Amino acid sequence: MSTVDAHITGTVWTVEVSVGDEIDEGDTVAIIESMKMEMPVEAEEGGIVAEILCASGQPVEEGQPLVRLA
Amino acid sequence: MISETTSSTPLEDLERRRAEALAMGGEERIERHHASGRLTARERIAALVDDGSWREIGLLALPELRRGAPSPGDAIITGLGRIGGRKVCVVAIDATVLAGTTAPVNMRKQNRVAEWAGKRGLPLIFLSDNDGGRLPDLLGWRFSGVPFDFRTFLQSPEGCPSIPRITAVLGPSFGDAALHAAIADLVVMKRDAAIALSGPPVILGAIGEEISNEELGGPAVAHETSGSAHVVVDEEGEAIDAVKRFLSYLPDAADLPAPVAPPAEPVRDAEELLTLVPDHPRRGYDMRKVLQAIVDADSLFEWGERYGRSLITALARIDGHAVGVVASQPMQRAGVLDVPALTKELQFVELCDTFNLPLVFLQDVPGLMIGREAERGGILRCYERLAAALARATVPKIAVVVRKAYGGGHIAMGGRPVNPSLLVAWPGAEMGFMAPDTGVRTVYRRKLAEIEAADGLDARDARAAELEAEWAAESQPWEAAAHIILDDVIDPRDTRETIINGIDFAWGTRPRVSKSGMG
C-alpha cells in the first residue's frame with residue numbers, strides 16, 4: 001500500500017486519475033498550482049488507485065498524500 | 001591500560017602495544033558502540049580502503065593527560081591507504097575511546113595527516129563520530145595552545161594545490177569534527193547522525209535551550225536548511241560508497257586533470273527531449289529526466305539535493321568525462337534562484353573550477369527571487385558573488401537555454417556576461433530582462449490603468465495581451481542568435497553532442513587544468 005505525495009506546497013489544480021484506474025510509474029496523478037506554475041505530481045510506482053485523498057482547489061503541504069494506491 | 005614495565009623483549013613489547021592499540025576502547029565499549037548501530041573506526045577504514053593498503057601513522061599515540069580508561073591512539077586513527085589503487089589520507093575518529101573527543105595529541109595526529117595530504121596532493125577523508133573537545137585536557141590556557149595549524153590543516157600549505165576533502169558523518173559530531181566538515185567538498189551523513197557546533201548538553205547549560213541531536217543538526221537541518229551536508233544515507237556502507245563515488249569524479253589534486261571513465265550512452269533516448277520539456281511555460285516538469293537523456297547512464301551524483309532545491313547541482317559524466325551540472329529544477333519553486341540555490345551554486349562552481357570539471361548549465365529559470373524574504377537573506381550579495389565567481393572560472397562553461405532564461409537568473413547560469421565558452425538555446429527558448437507578463441504590467445502600469453478607466457477591463461486585458469505578444473516575440477531566441485549573443489540555436493536532440501564537442505574545443509590543446517585551487 002503506497003501513496004503518491006505532493007512534492008511541493010500549493011493548491012490542487014486538477015486530479016487526473018479516478019478510483020480504480022491502473023497507473024504506471026511516471027503517470028501524472030494530479031497537478032498542483034504553486035508559484036504561478038502548474039506542477040504535475042507523478043507516481044513513483046505503478047498500482048491501482050484505491051482512494052483519492054485531495055480535491056481540486058484544496059491547499060496541500062509538501063509530503064501530503066494525494067492518492068492512495070493498492 | 002598500557003603497562004609501563006615489562007620483562008619482555010622489545011619486539012614482544014611492540015607486539016603487545018600494537019595489540020592494545022588495535023583493541024580500541026575494549027570489548028565492552030565496542031559492544032555498546034555496535035549496539036548503537038555504528039561500526040568501529042577500524043571497521044570503517046577496512047570498508048573504505050583497499051585490502052592490505054592501510055599504513056597507520058600514530059598507532060602508538062597516547063593522550064597527554066592519561067586516564068584509567070583505555071585510550072589508544074588518543075581516540076583517533078590516522079593513516080595512509082588506497083582506494084581503487086589511488087593514494088588517500090584518512091582520519092577516523094574512534095568513538096570507543098574517550099567518546100572520540102579531541103585533545104592535543106589527537107589534534108597533532110589529525111594535522112600531520114592533513115598536512116601530508118595537502119603537501120603531496122592526496123585526497124583527505126574524514127570519518128567523523130565524536131563528542132567534541134575533551135575536558136579538562138583543553139581547559140584554560142590549553143585551548144589557546146591547541147596544536148592545530150590552520151595554514152596546513154584547513155587548506156593545502158601555501159604553494160600546494162587544493163586537494164579533495166571528504167567527510168562522512170557517521171555518528172553525532174560536535175565541535176572540531178563538525179567545524180572541519182564545514183569546509184569539505186563532500187559531506188555525506190548517516191540519517192541518524194547529527195552535526196553541530198555544540199552538542200545538546202552544552203546548549204542546555206549555556207543558553208537554556210532544550211534540543212535533541214536530530215532537531216539540532218540532523219538531516220532536516222544539515223541537509224535541508226543549512227546545506228552543511230550534501231548527501232544523506234541510511235547505512236554506513238552507503239556512506240562509504242558515496243565517498244568512493246564522489247572521489248571517482250575528482251582528480252587527486254587541483255593541478256591534475258579529472259579522471260576519465262569509459263563512456264556510456266544516456267538511459268533515456270534523445271528523442272524524449274522533444275517532449276520532456278512542456279511547451280506551456282507555466283507547466284513544471286522534472287529536470288532530472290532531461291539530464292537522463294543527456295549524461296552517461298547512471299553517472300548523475302546529486303550534490304546538496306534538498307538545499308536550494310529549485311536548482312540541481314550534480315556531478316556527472318558526459319562521454320566518460322566528469323562534469324559539474326547546474327540545472328534549473330522547474331518542479332521546485334518554478335526553478336527560481338533564491339538565496340539557498342545561489343549559495344549552493346557558488347560553492348558548487350568553486351568546487352568544479354578547483355578540480356577541473358567543466359560546467360554544464362541547463363537553464364529554465366524565471367529569474368532571481370525577489371521580495372522581502374530574498375532581501376533579508378542577502379540575495380544581492382549572493383548573486384553578485386556568484387556572477388563574479390562564474391566569470392572568473394576558467395574551466396569550460398557550456399550553457400544551454402532549455403526554455404525560460406530571465407533576468408539575473410540567466411546570467412547566474414552561464415549567460416553572456418559571465419563569459420561562457422558556448423551559449424546555445426533550444427528553439428522554444430524565451431529570454432529577456434523579465435517575463436513578458438510581468439514586464440508589461442510594470443512598464444505599462446499607468447497606461448493600462450487609463451485604458452481600464454476609459455474602456456473597461458476587457459479593453460485593458462486585450463491591450464495587455466497585445467503588448468505581451470510583442471514582448472514575447474522579442475524574447476524568442478532568433479534575435480539573440482542574429483546578434484550572436486547566442487552562439488547557436490540547436491535541435492534539443494543534439495544537446496549531448498553539442499556539450500561534448502563544446503567542452504573538447506573549450507579545453508583546446510591546453511592541459512585540462514584550471515587556474516583555480518593551484519595554491
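By convention in this document, chain letters (A, B, ...) are assigned in the order of the sequence lines, proteins followed by strands, and residues within each chain are numbered from 1. Quantities reported herein were computed from a predicted structural model and do not represent experimental measurements.
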For this session: Count the heavy atoms belonging to other residues, nucleotides or ligands that lie under 6.0 Å from CG of Leu448(B), then report whether that count exceeds 12.
Result: yes
For this session: Please check if atom CG in Asp234(B) has more than 12 non-hydrogen atoms from other residues, nucleotides or ligands closer than 6.0 Å.
Result: yes
Problem set entry | chain B contact residues among residues 13-32 of chain A, heavy-atom distance under 4.5 Å | Trp13(A), Ile31(A)
For this session: Would you please go through residues 42-62 of chain A and name the residues with a non-hydrogen atom below 4.5 Å from one of chain B, in numerical order?
Result: Glu42(A), Glu62(A)
Exercise. Which of residues 330-341 of chain B have a heavy atom under 4.5 Å from any heavy atom of chain A?
Worked result: Pro330(B), Met331(B), Gln332(B), Arg333(B), Ala334(B), Val336(B)
For this session: Not counting sequence neighbours, which residues clear side-chain hydrogen bond (donor to acceptor under 3.5 Å, both in side chains) with Thr3(A)? List them please.
Result: Asp5(A)
For this session: Measure distances from Pro278(B) to the heavy atoms of chain A and classify the residue's part below 4.5 Å as side chain, backbone, both or neither.
Result: neither
For this session: Would you name the heavy atoms of Gly284(B) and Pro40(A) that are closest together and state the gap between them?
Result: O-CD, 3.1 Å
